[in-house]
Amino acid sequence: MLKLKIERAPAPVWMRSLIPIIAIPVTFLITSIIILLDGANPLTAYYHFLISPLASKSSAIEVLVKSTPLLLTGAAVAFAFNSGYWNIGAEGQLYAGAIAAAWLGMILKDVPPYLGIPAMVLGGFAAGMLWAFPSAILKVKLKVDEVVTTLLMNSIVLNVTSFLLNGPWRDPVSMWPQSPEIASGTVFFKLIPRTRLHFGIILAVVILIITWFVIKRTSFGLKMRAIGLSKEGAHFAGIKVNKTMLTVALVSGGIAGIAGAGEVAGIHFHLIDAISDGLGYSGIIIATLGGLHPFGVGLAALFIGLIDTGAQTVSRAMGVPVYLGDVVQSTLLLVTLSLFLLQNYRIRRVK
Amino acid sequence: MHAVEMKGIVKRFADLVASDHVDFNLEQGEIHALLGENGAGKTTLMRILYGLYHADEGQVFINGKPAVISSPRDAIRQGIGMVTQHFTLVPTLTVAENMVLGETGSVMINLPDVEEKVAAASERFGIPVKPQALIRHLSVGERQRVEILKALYHDARVLILDEPTAVLVPQEVDVLFKALLRLQQEGLSVIFISHHLNEVMDICGRITVLRDGHSVGTVQKADTNQKQLAKMMVGRESFGVKRQDQRQASVSSCLLSVQNVCAVDKKGLPALKDVSLEVHAGEILGLAGVSGNGQAELSAVLCGTQKTTRGKVQANGINLTNAEPASVCAAGVGRIPEDRHANMVGELSVAENLVLDQLGNFVKNGILEQDKIQKNAKTLIKEFQIKAAPGDRVRTLSGGNMQKVMLARTLSQNPAVVIASQPTRGLDVGATDYVRSKLLEQREAGAAVLLLSEDLEEILALSDRIAVIYAGKIMGVLPASEATPEKLGLMMAGSTD
C-alpha cells in the first residue's frame, strides 16, 4: 500500500519568492466556486476582473488611483511587520490622518499650495503617529499585545469620525454627513487632467523607496529586521529593542496617516465616513503578498488596486456583487499564508 | 524477582548513542538512585521505561515478565508512574479533576467520588493535598506531590522521579523525602534520578551510576561513599587541547570582578547567592558545576541580559552592574553565550551577524557600509575557518560553524574580558578543539577569560584556577594544580564532607 509521510523540511529560498505567484491562480480557482454559485461564467468574470480594467486608458488610470492609498498602507504594514510589530491598525491610523487633513483643510484658508500640500502630508503623518502611539507604548512598556490594541484603536477612530461628521464638523450645505470642503491650497494637484490621478501616487512611490532604503540599507533597518527575526538575539547584540520598536510602530502609523491625508486631499476633498473601505486591512494583505519587501509591496498594491477596480467592472458587466473583490482579496491572503506555512513541509513516500 | 529489569538497552539519536547497552534493575520496595552528569543518559533510560521513547535494542521485564511498553498508557497499565521536571497538570482545574484527566473509561465523571478517593489516597500515602484545590493556587512542591499522587491514583507500583529536587526549596525536599520513605514502607519502588550526591546518599538504598550513555555500575549505599560516587560519575579520559603552563594569577591585574552578586531565576527564586569571583589578565578561570546551579543566570548577568538583585560587576575598570548589552560590549567584554541559537539572529546572514553587536564600526551617517561588512565577513570566515559564505543565513550553519561565527564576532573585537558559557556544548571533536585553542589564544594575549562549563574535562584542561558553583553559591576556588576530578565532583554535588 502507498504510504505517505509528512515531514518538516523547509523549501529552498527561491521558492519563497514564487509563493505569491502560485497563490494567485490557486485563489482564482477557489473563488470560481463562488462565481459559479452566482450563475456566472468564471472565465468571463476573470476577464472583466483582470483584463478589462487595463483595456482602456481611463480605467487603467483608475487602477493607479485605487493603488495610491494601498501603496502607503502596504508600506506602513510591511515596515512594522519587518520588525515583528504586528500593526493591524493601519485602517485607524489612516482615518486619523484623514481627520487631520480635513482639519488642516478647514483652518488653512488662503494658504498657497507649496505650503498647503506639505502641511497636509506632515499633518497626516503626525496624526497617524499619534494614533499609533497608545498601542506602541503599551507594547513596549507593558507588553500588551499590539494586535489587540491596534485593532481596537480602529473602532475608536471610526466612531470619532462619525461624531465629527454628525456633530461639530457637519457641512450644513450638504445632504450627507461630511466635513466642509478643504481649502484649494491644500488640494493635491492632478497629474493628468480630467482624471482622479493625483500627486499622492508620486508621494507613495517615494515613500516606498524610502522605506526600502531604510529597511535594507541603514543600520536602523538592520536593527529593526534583527528585532523582527529574533528579539533575544538582537538584544544580546546590544540593540535597544524597545526604542527601535517604538520608533518603527510610530513611523508605520505615520505612513498610514499619509494615506488618509491623500484620500482627503486628492480624491474626496471632504472627510466622509467611508473615506477608507478597508484600505488599512488591505495593507496587511499587500504586505504579506509582497513578502514584506517594499518592492514586492509595490507590485502587490498595484495588483490589489486592479482587483478593486476589476470588481466594479465585473459587477457592471455581469451583475456579480462588488463584494467579490473583497472575497478574492481575503482568499488570496489565506492562500498565501497557507503556502508560506506549507513550504516548511514536504510529503514523502515511505516503504 | 525484580519489579523492573532492563537489559541491554540501546537508544540512538542520529549519530549520538544516548544509551549504550545499559542494564538496570529495580527491586520491590527500594529507592534506587540513577546518578550521573547531564547527558549521561539517565532521563533517556527512564523515558524508555515510561514509553516516551522506544529502545532500538534491549528488553524490559516487569515483575519478571517481558513487557512491551510503547506509550505512557502502556506504562501506566503496567503500574509505572513518572513525574517529570515539567509538570503536566492543568492549572485551572482542581486536584481531583487533574487525576481523572485523560481517563476515557466512562462518559460521566463522578467528581465527589473521585475527590473521596483522592483524599483517601492522600491520607494513606501521607501526601497532604486538598482534592478541591485549584492547581494554580498550589506551590511548586505541592504540585509535585499532586503529580506523585496522580501516579499513585493510577495504581503505580513503580514511581520514576526525574530530578524531583531540582525545582524544590530545601524545606520542600524534606517533605518529599518523608513521603518517599512512607511509600517505600507501603511496598512501592522508586527510581530517583539525580546528580546530587547528598540526596542520593540520604535516601536511596542502591545507586546505579551512568556516564556517557554507559552504566558504570550499581552499588549498595552501605558499600560506598560520596568520593567514590563522584569518581564514578565524572572520571574519564581527557583528550585534545590543553593549556601548557600554570599561571601565577595574582600577580597580574584583575580585569573582571564580581562582588556579592545575587540574582533570581525565571520563576523569581534565588539563583545566585552572594557570588564573588575575580578573573585576572592572562588567566582562564573555570567555573565548574552541574547544570542549573546558577551558571545560566551568572552568564546572563555578565552578558547584560539579566539584572542582579544585589552586588556589583566590574570589568576592565568600568562598572557594569545591571548594564545593557551595548555598554557591556563597549566596555571590552566579549561574550560567548550558552545558547548560540537564541543569541544570534538565525535568519540574518553570516556577514550581518558578524557586525550586529558593533554596528557603529560599519555605519556612516546611519547607512550601512556594505563593502566593509562583506570584507569583514570574508576576513573572519578565513581566519576562523568558518564553512559558510558571507550571505548564508546563520540558521543553516552547523552548530560548530555557528559557534565559530559567534567566536569570530566576539574575539575579533579584541576583548579584554571573555565570558565563555558552555562554549563547546554540542560540538564535534574538531570544533571543540578549535574553540578551546581560541580561548587559550585569548589567554596568551592577556585577556581575562571566565569559562563556565559543565564539562569537567574541559575545565581541567583549560583553567588556571577553578571555581565550583553549587545551588547558586561558590563552593570554593582551587588552583588547577590542586584540583582533581574527585575533589571537584564532590564540590559540584554540594558535598559537605
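Numbers restart at 1 for each chain; the letters A, B, ... are given by sequence-line order, proteins then strands. All heavy atoms count here, side chains included; hydrogens, waters and symmetry mates do not.
Options Ala326(B), Ala342(B), Pro337(B) differ in how many heavy-atom pairs under 4.5 Å they form with chain A, and the most are formed by Ala342(B). Heavy-atom pairs under 4.5 Å with chain B peak, among Ile239(A), Leu222(A), Ile227(A), at Leu222(A). Counting heavy-atom pairs closer than 4.5 Å to chain A, the top-ranked of the candidates Lys364(B), His341(B), Arg393(B) is Arg393(B). Of the listed residues Val328(B), Asn343(B), Leu359(B), the one with more heavy-atom pairs under 4.5 angstrom with chain A than any other is Asn343(B). Your options are Lys231(A), Glu232(A), Arg225(A), Lys223(A), and the one with the most heavy-atom pairs under 4.5 Å with chain B is Glu232(A). With chain B as partner, the option from Ser230(A), Gly221(A), Gly233(A) having the largest number of non-hydrogen pairs under 4.5 angstrom is Gly233(A).
Considering Val206(A), Val205(A), Thr211(A) in turn, Val205(A) is the only one that fulfils the side chain to side chain contact (heavy atoms under 4.5 Å, CB included) rule with Ile209(A). Residue Leu285(B) forms a side chain to side chain contact (heavy atoms under 4.5 Å, CB included) with just one option from Val449(B), Leu450(B), Leu451(B), Leu452(B), and that option is Leu450(B).
Using a 4.5 Å cut-off between heavy atoms, Arg335(B) contacts chain A through both its backbone and its side chain. With a 4.5 angstrom heavy-atom cutoff, Glu347(B) touches chain A via backbone and side-chain atoms both. The contact between Ile367(B) and chain A is made by backbone and side chain atoms together, counting heavy-atom distances below 4.5 Å. Only the backbone of Lys216(A) has a heavy atom closer than 4.5 Å to any heavy atom of chain B. For a residue to count as touching a neighbouring chain, one of its non-hydrogen atoms must lie under 4.5 Å from one of that chain's; by this rule Gln370(B) touches chain A with the side chain only.
The aromatic rings of Trp212(A) and Phe295(A) lie parallel to each other, their planes meeting at an angle below 30°, with 60° marking the opposite boundary.
No side-chain N or O of Gln306(B) forms a donor-acceptor pair with one of Glu297(B) less than 3.5 Å apart. For Gln93(A) and Asn87(A), the side-chain atoms include at least one donor-acceptor pair closer than 3.5 Å. Side chains of Gln374(B) and Asp371(B): a donor-acceptor N/O pair is absent below 3.5 angstrom, by distance only.
A salt bridge is absent between Glu369(B) and Arg217(A); no separation between the charged side-chain nitrogens and carboxylate oxygens falls under 4.0 Å.
For CZ of Phe133(A), the number of neighbouring non-hydrogen atoms (other residues, nucleotides, ligands) closer than 6.0 Å is 12 at most.
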